[in-house]
Structures are given as C-alpha cells and as structure tokens.
Amino acid sequence: MIGLNHYLLLSGVLFCLGVLGVILRRNVLIILMSVELMLNAANIAIAAFSRYPLFNAGTLTQEDYMTAGNGLVFVFLILTVSAAEVGVGLAVVINLYRQRSTVNIEEVNLLQG
Amino acid sequence: MIDFPEISWASIAPQTVILITALTVLAIDLLPRKIERINITLTALLGVVIALIFARNLTPAYETDFSGMIYRDGVSIYLDQLLLAGTALILLMSHRYAQFHPIAYGEYTVLLLFASLGMMTISISADLITLFIGVELLSLSLYVMSGMDKSSLSSGEASVKYFLLGAFSTGFLVYGMALLFGACRTSNLVLIGSAILDGGAGTPLLILGFALVLVGLGFKISLVPFHMWAPDVYQGAPTPVTAWIAAGSKIAGFAALLRIFSLPGISFEPFGGYWAQAIWWLSMLTMIIGNAGALVQNDIKRMLAYSSIAHGGYLSMAFTANNTVGLQALLFYLAAYLFMTLGAFAVVIAVRRNGRECLSIPDLAGLARQHPGVAGLMAVFLFSLAGMPFTAGFVGKLWLFGAAIQEKYYLLAAVGILTTLLSFYYYLRIIVFMYMHEPQKDAVFDAVPASGRIAAGLAAAGVLALGVYPNLLWKVLAAHTNGL
C-alpha cells in the first residue's frame with residue numbers, strides 16, 4: 001500500500017532533480033522549469049504531510065483536521081506565488097532576449113570582477 | 001452562520017497604509033494625463049509618513065493576531081519603523097535618479113512600495129505562510145526593479161541573475177518550510193516553538209528543515225557561500241534599487257531569521273547547540289571573504305556589495321551569540337547599517353560628473369574641492385561603515401563583538417576585529433581619492449540637487465546621533481526586547 005514515505009520519496013527525488021537542473025542546465029527557460037520542479041516537490045511534501053493522519057486509519061481528532069486545512073492552504077498559496085514567479089521570470093527573460101538575442105546563461109557575462 | 005474571529009486591524013495599520021498608497025500611486029499612474037514625477041514622489045512619501053506615524057503609535061502585544069498569522073511585538077514595531085524610514089530615503093534618491101535614467105517612474109514607485117510591504121510583512125509574521133508571502137512579495141518586486149532600466153544591458157543582466165538565484169533559493173526555503181510543517185504538523189511559528197520545546201517533533205526532519213531554511217535565507221542576506229549573486233546584481237541594477245537590495249532586503253532577511261530561529265514569544269535561544277555552530281562558520285566565512293573581496297574592487301557599487309556581504313557576517317554573529325545582548329546589538333546594528341549604507345548610496349546617486357554617474361572609485365577624485373559638503377557626508381558614512389568611534393557603526397560593532405565575547409566566542413570576535421581593521425583600507429581609499437587627489441582632466445562635477453542633500457543629510461544625522469547618543473535607541477531596544 002502507498003503511504004506517507006512513498007510520497008516523501010517522490011518529493012525528495014523531484015526536489016533533487018530540480019536542484020540538478022538548475023546547476024547543470026545553461027538555458028534560462030530550463031532553469032526556470034527546474035525551479036518550478038523544486039517548488040512543486042515542496043507542495044507534494046506538504047500535501048502528503050497534511051493528509052498524514054489518514055494513512056494511520058485511526059480515529060481522526062479535531063487537530064488532525066486543523067493540520068489538513070493548514071497544509072492545504074499552504075499548498076494553495078505556494079501554487080499561487082509560484083505562478084506569479086513564473087510571470088515575473090518570463091518577463092525578465094524576454095527583456096534579456098530583446099537586449100541580447102540569447103537565453104544561454106553562459107553568454108550573459110557582462111558583469112564580472 | 002460563520003463566526004468570524006476577533007481581528008485587531010490597528011496592529012497591521014502601517015502595512016495597510018503602504019498597500020493603499022501603492023494602489024493609489026498605481027491608479028494615478030494610469031490616468032490618461034501625464035503625471036509629474038514630483039507628484040508621484042510626494043504621494044508615496046505622504047503614505048510612508050502616515051504609516052510611520054501609525055507604527056510609532058502601536059503598542060506591542062505579546063500574542064498572535066489574525067488567527068495566529070501575525071505577531072505584533074516590540075521587535076516588529078521597531079523593524080517596521082526602520083523599513084519605513086528607509087523607504088522614505090529611497091524615494092528621495094529615486095526621484096533624482098529617474099531624472100537621468102529611462103525608468104517608468106510610476107510603476108517603479110509602486111514596486112518599491114510593494115517591496116517595502118513585503119519586508120514589513122516578514123517583520124510581523126508568526127506563521128510560515130505569512131513569512132513566505134512576505135519573502136516572495138519582496139523578492140518579486142526587487143527582481144523587476146533591478147531590470148527596470150531597459151536602456152542598460154547590465155540592468156537586464158542583473159535582473160536575470162538576481163531572479164535565477166533568488167528563485168533557486170526560494171526553492172530551498174519552501175522545501176525547508178515543508179519539512180518543518182511535516183515535523184511539527186503546523187505552520188504556526190509559535191506552535192512549532194512549543195512542539196520543539198516539548199520534544200514532540202521528529203528530529204531528522206526538523207534539522208533538515210531548519211538547514212534548508214537557513215540556506216534559503218542565506219541567499220537572501222548573501223551569507224558566504226551563498227553570496228555569488230550579490231556583486232553582479234549590485235553592480236548592474238539601477239543605483240537606488242541596489243541601495244534598497246543592500247539595506248532593505250538585508251534587514252528583512254534578518255527579520256525572517258529572527259522570526260524562524262528565535263521562535264516568537266518563547267525565547268531567543270531555543271536551539272543553542274547546533275545553530276550556533278552552523279552560523280558560527282557562516283559568519284566567519286562571510287566576514288573574511290566579504291572583506292577580502294572588497295579590497296580589490298574598483299567599482300563603487302561592487303565594493304559596497306562586498307562591504308554589505310561583510311556586514312551580513314557581523315550581523316549574523318548575534319545568532320551565534322544567541323543571547324539578549326546579541327538580539328539588542330543586532331537590532332541596533334540594523335539601524336546603523338540602514339543609515340550608513342543608504343547614506344553612501346545617496347551620495348553615489350547625488351554626485352554626477354559631466355552628466356554621468358561616477359561609478360568607479362577614481363571618478364570621485366577631487367570631489368572635496370568642488371563639493372566639500374557632500375564629500376564630508378560621504379566621509380561620515382565611510383567612517384561609520386569602517387567602524388570609527390563616534391559613529392553608529394562603531395557602537396554597533398562594539399556591542400555585537402561584546403555579545404560574542406560574553407558567550408566565549410573569542411575567535412569569532414577576534415576575526416571580527418581583524419577584518420574590521422582590514423576594512424579601513426578600502427573605505428579610506430575612497431576618502432583619499434576624494435580629498436587628496438587632483439580632479440581628473442576636464443572633470444566638472446554637476447550641481448548636487450536638494451533631494452540628494454536631504455537624503456544624505458538625514459542619513460548622516462542618523463549615523464551621528466546613534467554614534468554619539470546610542471542611549472537614544474538603547475532604551476527603546478531594552479523595552480522592546482523585554483517580552484522575548
């Protein structure tokens with residue numbers, strides 16, 4: 001049966017893939033996608049944690065419902081904010097592309113010292 | 001029928017006023033008729049002043065409000081006032097800057113106010129959710145602001161670099177928060193605190209969660225080794241934005257650390273053991289690498305970037321010391337840091353030579369001949385950054401090092417003192433150029449405008465007042481930190 005640990009494993013793997021993507025890829029858009037992967041890994045973890053009491057299949061207390069609501073609101077807000085982040089990120093990348101005609105992070109190297 | 005919880009609107013009055021001001025500026029900027037820059041600046045300043053009056057009249061309450069979402073204690077009232085004072089100074093600087101650079105001033109002002117709102121949201125947060133919203137509001141506004149000068153390639157590059165590393169760090173922050181939520185089964189910081197004190201929280205999850213949060217916030221306050229973005233972003237962003245990244249987002253970052261690592265309402269020292277050790281290393285590396293990096297810089301904004309990294313190291317010493325003196329020293333040094341950093345940037349913005357910004361240190365050669373007043377103010381800020389007696393920087397450093405020594409962190413304090421001595425070299429270098437070098441050929445400094453003089457003058461008044469009469473703030477801080 002699939003339990004909390006499976007969800008946490010999935011979320012951990014997704015998070016690591018996101019981190020690797022940011023570090024290894026050179027295309028700004030791919031990096032942006034990898035960052036979203038990291039945020040969604042966190043969402044999966046929170047959603048799993050907030051349903052945690054249900055996995056134990058015992059009697060649910062008032063507190064368990066509080067935790068569930070709390071976690072789901074958190075997930076909801078992270079989703080909204082990450083959408084805003086993509087909006088800003090794409091605007092920033094378009095600005096870069098108009099100025100330089102490239103989205104490769106290696107070619108963005110005017111500022112050094 | 002739903003019962004609505006008791007809400008005290010007064011406790012978020014400053015935040016509400018800033019939000020309304022931002023929306024008002026947005027609305028008048030959308031009017032079909034062109035609005036003069038001065039009207040936008042004055043509207044925003046009026047809002048900031050009203051918010052400051054509300055913030056001054058708040059009384060601290062040592063319990064959470066808005067169903068556990070916010071925590072209006074003395075520390076948050078103090079930080080709100082600091083951030084509002086900083087916003088007012090930045091508005092004065094931006095007004096001048098926008099005269100020469102093609103930035104959309106109305107939108108810029110709205111984003112500036114939103115960034116300040118985000119910082120003030122962090123300072124009152126008592127819940128991971130509120131804290132996260134504050135961090136993101138602040139960061140998203142600053143990403144856009146640093147790319148606002150569309151005519152400049154380096155501004156665009158700065159915003160991309162800031163965005164990518166900022167978003168990366170947000171990933172760590174959020175994942176850390178997810179693990180904290182899992183370990184304590186709540187996102188409320190007060191409840192997380194009591195769960196930890198009861199020992200009822202799963203330890204590996206908790207430690208990993210706190211570590212990831214520390215990494216995420218370490219990026220925001222540019223602690224070494226998470227500082228790589230700072231010099232590039234500081235150099236490329238429009239100068240008033242750089243000033244607000246340096247001062248505002250650093251204060252907000254420390255406010256967030258304070259909220260998460262001090263657990264509101266319980267104590268400043270719940271994790272003595274491992275956090276002190278981790279932050280000891282970060283603080284040590286940050287002081288050494290920050291100051292060493294600043295030594296070789298020729299660009300003023302890059303130099304101030306390394307200087308701000310180094311100051312992050314001094315400030316984080318308070319978290320290692322982990323005592324009440326440390327907390328008070330941290331809050332005092334944040335005020336000192338705000339005034340001296342903003343003052344230095346105000347002078348950099350105000351001084352222009354032959355119609356161009358003076359961005360490299362030799363550009364300032366001979367400034368004292370033509371503008372003795374402005375050069376004198378710059379000297380005050382640089383002495384304070386270096387830690388000369390009778391300036392705010394000296395008192396703050398003394399207090400911070402004292403807090404570390406009190407807890408027997410002798411090596412940390414010694415490194416702090418040695419790196420401070422090292423820092424005199426690069427701060428004094430600017431003063432030498434201003435006072436002892438001949439102006440470069442054909443160099444004529446432009447007239448310094450009133451807004452620049454006012455901003456730099458106010459900041460200098462703050463630096464000197466805190467340096468000569470630290471008791472002014474000392475008593476306030478003692479009163480505010482009693483509840484912790």
Side-chain angles (χ1 to χ4, degrees), chain A residues 4 8 11-12 15 18-19 22-23 28 31-32 34-50 52-53 63-64 66-68 70-71 73-78 80-82 84-89 91-93 95-100 103 105 108-113, chain B residues 68 127-130 132-133 135-137 139-141 143-144 146-148 150-168 170-179 181-188 205 212 231-236 293 296-299 302 305:
Chain A
L4 179 65
L8 290 186
S11 118
F15 183 76
V19 172
V22 173
I23 293 172
V28 176
I31 296 178
L32 194 56
S34 306
V35 167
E36 289 308 305
L37 210 54
M38 291 167 71
L39 292 178
N40 284 324
N43 276 337
I44 292 176
I46 297 176
F49 279 129
S50 65
Y52 173 53
E63 203 184 332
D64 293 332
M66 288 286 285
T67 306
N70 191 185
V73 168
F74 202 172
V75 169
F76 191 66
L77 282 167
I78 292 174
T80 327
V81 168
S82 62
E85 198 166 66
V86 173
V88 166
V92 162
V93 174
N95 187 27
L96 177 82
Y97 186 74
R98 282 194 183 147
Q99 287 180 337
R100 309 264 179 103
V103 287
I105 199 69
V108 183
N109 53 9
L110 208 63
L111 300 168
Q112 286 173 345
Chain B
D127 195 291
L128 292 176
I129 298 177
T130 335
F132 172 65
I133 300 280
V135 169
E136 282 302 282
L137 186 54
S139 308
L140 292 181
S141 309
Y143 302 149
V144 181
S146 50
M148 216 121 190
K150 287 198 189 155
S151 69
S152 146
L153 286 183
S154 50
S155 173
E157 178 172 334
S159 74
V160 170
K161 287 188 172 168
Y162 193 21
F163 171 76
L164 289 181
L165 286 200
F168 189 44
T170 303
F172 284 100
L173 183 67
V174 174
Y175 205 74
M177 285 178 170
L179 297 186
F181 175 81
C184 303
R185 304 193 51 212
T186 173
S187 66
N188 187 297
L205 269 187
L212 287 173
D232 288 357
V233 173
Y234 280 44
Q235 187 188 355
V296 296
Q297 301 304 326
N298 226 8
D299 182 290
R302 246 186 134 76

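First the proteins, then the strands, lettered A, B, ... as listed; each starts at 1. The shown structure was predicted, so the numbers you read here are calculated from the model rather than taken from an experiment.
For chain A, no part of B:Tyr162 is nearby; none of its heavy atoms comes within less than 4.5 Å. Using a 4.5 Å cut-off between heavy atoms, B:Tyr175 contacts chain A through both its backbone and its side chain. Contact annotation for A:Ile78: both backbone and side-chain heavy atoms come within less than 4.5 Å of a heavy atom of chain B. With a 4.5 angstrom heavy-atom cutoff, B:Ser152 touches chain A only via backbone atoms. Contact annotation for A:Phe74: both backbone and side-chain heavy atoms come within less than 4.5 Å of a heavy atom of chain B. Neither the backbone nor the side chain of A:Ile44 comes within less than 4.5 Å of any heavy atom of chain B. A:Ser50 touches chain B through backbone and side chain together, each having a heavy atom under 4.5 Å away. Neither the backbone nor the side chain of B:Ser146 comes within less than 4.5 Å of any heavy atom of chain A. Proximity to chain B involves both the backbone and the side chain of A:Val92, based on heavy atoms less than 4.5 angstrom apart. At a 4.5 Å heavy-atom cutoff, the contact between A:Val19 and chain B is made by backbone and side-chain atoms alike. Heavy atoms of B:Ile133 lying under 4.5 Å from chain A belong exclusively to its side chain. Within the 4.5 angstrom heavy-atom criterion, atoms from both the backbone and the side chain of B:Phe168 approach chain A.
The shortest heavy-atom contact between A:Asn95 and B:Gly147 is ND2-O, 3.5 Å. What you find for A:Thr67 and B:Phe181 is that their closest heavy atoms are O-CZ, 3.7 Å.
Interatomic distance, A:Leu32 CG to B:Leu164 CG, rounded to the nearest 0.5 Å: 7.5 Å. Atom CZ of A:Phe49 sits about 5.0 Å away from atom CG of B:Leu205, to the nearest 0.5 Å. Rounding to the nearest 0.5 Å places CG of A:Leu110 at 8.5 Å from CD of B:Gln235. Note that CZ of A:Phe76 is 12.0 Å distant from CD1 of B:Ile129, once rounded to the nearest 0.5 Å.
Judged by distance alone, the side chain of A:Glu85 and the main-chain N or O of B:Ala167 form no donor-acceptor pair under 3.5 Å. Judged purely by atom type and a 3.5 angstrom limit, A:Arg100 uses its side chain to pair as donor or acceptor with the backbone of B:Leu153. No donor-acceptor pair closer than 3.5 Å links the side chain of A:Gln99 to the backbone N or O of B:Ser154.
Of all the listed residues (A:Ser11, A:Ala45, A:Ala91), the one sharing the greatest number of non-hydrogen pairs under 4.5 Å with chain B is A:Ser11. Interface check for chain B: of the options A:Leu8, A:Val75, A:Val108, A:Leu96, the most heavy-atom pairs under 4.5 Å are formed by A:Val108. The most heavy-atom pairs under 4.5 Å with chain B, out of A:Ala42, A:Ser34, A:Gly18, come from A:Ala42. Interface summary for chain B: among A:Asp64, A:Leu37, A:Asn40, A:Val93, the most heavy-atom pairs under 4.5 angstrom belong to A:Asp64.
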Query - Intermediate values then yes/no, side-chain contact (heavy atoms from CB on, under 4.5 Å), B:Asn188 and A:Asn70 - result: CA-CA 9 Å; B:Asn188 187 297; A:Asn70 191 185; 5.7 Å; no
